[in-house]
Amino acid sequence: MTSNAAIPDEDGPLYVSAKKVYPQSVKGRFRRIKWALLAFCLGIYYFLPFVRWDRGPALPDQAVMVDFERRRFYFFFIELWPQEVYYLTGLLILAAIVLFLMNAIAGRIWCGYLCPQTVWTDLFFAVERLIEGDRRDRIKLDSQGWSASKIGLKAAKHFVWLMIAWWTGGAWVLYFSDAPTLVKDLATFQAPFSAYLWIGILTATTYVFAGHMREQVCLYMCPWPRIQAALTDSDALNVTYKFDRGEPRASVKQAAQLKAAGQPAGDCVECKQCIAVCPTGIDIREGTQLGCIQCGLCIDACDDVMGKLGRPTGLIGYDTLKAVEARACSTTPPALRLVRPRTILYAAIIAFVGGAMLYQLATRAFLGMSVVHERTPLFTTLKDGSIRNAYTLRIANKRSEERPVAITLDAPMGTTWEVVGAQQTADWRPIVVIPPDSTLDVRLFVTMPQPQAKGPSQMIQIKAADLSFGENATVKDNFFAP
Amino acid sequence: MTNPNHTAHEPDFDAVTGQSTTGHSWDGIRELNTPLPRWWLWTFYVTILWSIGYWLVYPAWPLISSHTTGLFGYSSRAAVAVEVQALEQRRDQQAAGLKTASLEEIKASPDMLRVALARGKASFAENCVGCHGQGGTGAPSYPNLTDDDWIWGGALKDIEATIQHGIRWTQNADTRMGEMLAFGRQGMLKKDEIEQVVDFVRSLAKLDTAKGANLAAGKTLYDANCASCHGEAGKGNREVGAPDLTDAIWLYGSSREAMIESVHNGRAGIMPAWASRLDPVTIKALTVYVHSLGGGQ
């Protein structure tokens with residue numbers, strides 16, 4: 001027991017406080033790309049619910065909407081029913097494989113430029129910088145005691161953050177109901193409780209994740225960095241510190257001395273600008289790592305410094321591990337291999353899944369019918385000895401117009417049929433009217449006279465013919481007899 | 001207890017990763033110290049506080065004869081009761097049209113028909129399947145409601161009257177009455193006479209008859225004893241619930257033995273009157289549902 005008793009004192013801390021990161025502002029190519037993508041992505045997110053798309057009087061005219069109440073998903077010209085949720089599976093497969101392909105080509109493009117966590121955090125950093133100043137000012141402000149001006153600055157920042165977060169939550173609920181109506185209802189406190197609740201939840205998550213959690217989400221909560229680390233290879237482009245060129249590090253003065261003495265000196269001047277601008281606070285010179293979201297801001301920072309020193313830019317840049325290692329060994333770096341088995345495989349899967357979904361969508365039927373044979377009873381003997389079978393037909397009308405549908409049968413001569421609640425036409429075809437964008441269950445009775453009704457069963461074909469659009473749907477089922 | 005494989009010494013640094021170790025060593029394998037973020041710990045504490053909130057708000061602790069009820073007196077049973085009530089209200093709204101509409105109007109309106117069929121199906125499963133079977137298929141001595149043979153009539157108003165007042169349900173003044181006499185037991189017909197009349201009836205229904213059966217004698221007996229209710233041609237009479245004897249449907253079976261038993265002992269199936277148990281709207285819905293099972297006339 002003596003050894004155990006000593007352990008607690010000797011143990012290191014089991015928990016560490018997160019070190020606050022103060023990213024410095026930076027200008028350059030990647031910063032511009034990030035601004036453009038931020039404006040594009042957030043623009044779509046905040047304004048898409050207000051885009052209209054005419055689907056006729058019976059259906060909502062919102063371009064993108066998830067209608068839980070009527071169980072429909074609308075996306076411009078596409079309207080999906082719950083049984084078509086396999087499109088979602090397809091989308092998820094596509095999303096995963098596109099992520100893999102991006103990673104195989106140029107690393108964590110998703111993390112660096114497109115992930116909501118990155119985009120909103122970037123926006124929140126911008127607000128923070130605008131109100132509290134750049135890196136130095138913020139570090140200074142945080143180390144100061146509380147004063148009226150500090151309280152004012154902090155309050156202003158959190159207020160703007162909360163406003164953005166609130167708008168984010170507000171935009172979210174607009175995807176689930178008619179946006180203009182819901183905005184009006186929200187403003188007049190007529191909206192359903194769930195709308196306010198979800199705005200509250202999304203406001204809280206946006207404020208906490210983008211304002212406070214920031215890089216902690218990437219480091220501790222997100223599974224993708226771990227998967228990405230396992231998926232990447234030495235042919236993939238990654239934001240890389242080219243140590244072959246940078247090492248050994250030396251200040252401008254030291255480098256001149258070293259070179260004069262005939263000793264090697266690298267281009268890295270240890271200015272630490274790459275660390276200062278990093279939104280996750282890592283040192284890219286330690287190599288590709290979990291904390292690096294590959295946003296490219298260190299490239300901008302380093303290029304700026306190199307430019308001022310009159311040295312070639314690109315000490316940090318998109319490069320492959322193979323190329324850096326080859327140059328470090330003074331051999332010719334291999335050519336960039338963007339086309340390699342894994343990228344071909346990913347592209348092929350994307351093409352296949354995307355193609356299958358497109359085909360399915362293009363050939364999607366607007367009239368559907370399924371049939372269930374009545375089990376109790378399988379058949380009924382009538383007074384004259386003829387046999388009757390009952391079926392439940394479920395007819396789906398995926399158009400926004402009401403459609404009359406005639407039910408006909410492909411069955412032996414003498415077979416008669418009727419549909420409960422149908423209008424009977426002169427040519428004995430029962431006609432049922434399917435309301436727009438819905439399904440209707442109807443009961444079908446099929447009666448066969450005795451010699452034709454052969455037991456134990458025979459196949460019959462039931463056909464639904466749409467009289468207004470000329471579309472057909474057919475199903476087969478058994479006709480049972482003793 | 002000390003694990004002999006475990007040694008503890010000063011925390012030190014791992015040369016490969018540059019990270020500190022916990023100082024624990026297991027079979028020579030050292031453990032890197034990768035501390036959790038502090039906020040993770042706080043999150044854990046918050047979940048504990050949250051659970052205390054649950055104790056306060058919801059029923060939580062068992063007491064000797066009851067349990068703590070929580071601040072707002074929430075109970076899942078009461079929550080269900082509210083939902084059930086709301087559902088019943090919604091159903092009443094949907095069925096509001098059925099109250100005043102006639103059976104024919106319900107049958108002709110797609111919307112009312114849908115409500116009536118749904119309501120009728122539910123009520124049928126609750127009240128009727130015990131005798132008439134799932135889907136109304138019936139059983140020997142319980143009529144099949146899916147065929148086109150009706151003892152008391154298969155029109156909407158006939159079905160409704162049968163459901164309301166029942167059959168041979170003496171507590172109900174308007175119940176349907178009719179009696180198939182026990183010709184054998186009561187000594188009206190002798191054994192061989194019963195066989196003769198049964199063979200004659202079988203010939204009406206085109207069923208096989210006993211070898212050398214005296215159909216002429218059977219007809220005489222039939223005319224004298226049976227025709228008053230079942231009709232001269234054996235087509236039955238719905239006024240008194242006398243079934244059609246010429247068709248392919250036999251409530252008590254079409255075997256010679258079953259028919260002899262019917263004539264010997266008589267038959268008198270009973271159906272309860274539902275007017276006293278179900279509300280008028282439900283009876284209407286049941287009527288429309290039964291009428292749509294296949295046999296409605």
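Given the structure is predicted, the values throughout are model-derived calculations rather than measurements. The figures here come from the full heavy-atom set of this structure, side chains too, leaving out hydrogens, waters and symmetry mates. Lettering follows sequence order; numbering is per chain, from 1.
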Looking at residues at least two apart in the chain, or sitting in another chain, which of them share a salt bridge (Lys or Arg N to Asp or Glu O under 4.0 Å) with A/E374?
-> A/R443

Heavy-atom pairs under 4.5 Å with chain A, option from B/G135, B/S292, B/A248, B/G294 with the top count | B/G294

Chain B contact via A/F445 - side chain, backbone, both or neither, heavy atoms under 4.5 Å | side chain

Measure B/W40 against the heavy atoms of chain A and call it side chain, backbone, both or neither at under 4.5 Å.
-> side chain

Charged N to carboxylate O below 4.0 Å: is that the case for A/R403 and A/E401?
-> no

According to the interplanar angle, ranging from 0 to 90°, do the rings of A/W161 and A/Y207 count as parallel (below 30°), tilted (30 to 60°) or perpendicular (above 60°)?
-> perpendicular

Test B/N33 against B/T21 for side chain to side chain contact (heavy atoms under 4.5 Å, CB included), laying out the working first.
-> CA-CA 5 Å; B/N33 182 14; B/T21 69; 5.7 Å; no

Region of B/D149 in contact with chain A, defined by heavy-atom distances below 4.5 Å = both

Which class fits the ring pair B/Y58 and B/Y74: parallel under 30°, tilted 30 to 60°, perpendicular over 60°?
-> perpendicular

Hey, is A/E270 close enough to A/R285 for a salt bridge, meaning N to O under 4.0 Å?
-> yes

Taking non-hydrogen atoms and a cut-off under 4.5 angstrom, which of residues 433-441 of chain A neighbour chain B?
-> A/L440

Would you please name every residue forming a side chain to side chain donor-acceptor pair (under 3.5 Å) with B/Q297, sequence neighbours left out?
-> B/R238

For each of B/D147, B/D244, B/T246, tally heavy-atom pairs with chain A at distances under 4.5 Å, and name the one with the top tally.
-> B/D147

Partner chain A: residue of B/T34, B/T137, B/L36 with the largest heavy-atom pair count (under 4.5 Å) | B/L36

So what's closer than 4.5 Å to chain A heavy atoms on B/P110: side chain, backbone, both or neither?
-> neither

In plain terms, say whether B/R202 and B/D208 are close enough for a salt bridge, that is, a side-chain N and a carboxylate O under 4.0 Å apart.
-> yes

Got a sec, which residues hit salt bridge (Lys or Arg N to Asp or Glu O under 4.0 Å) with B/D148, two or more places apart in sequence or on another chain?
-> none

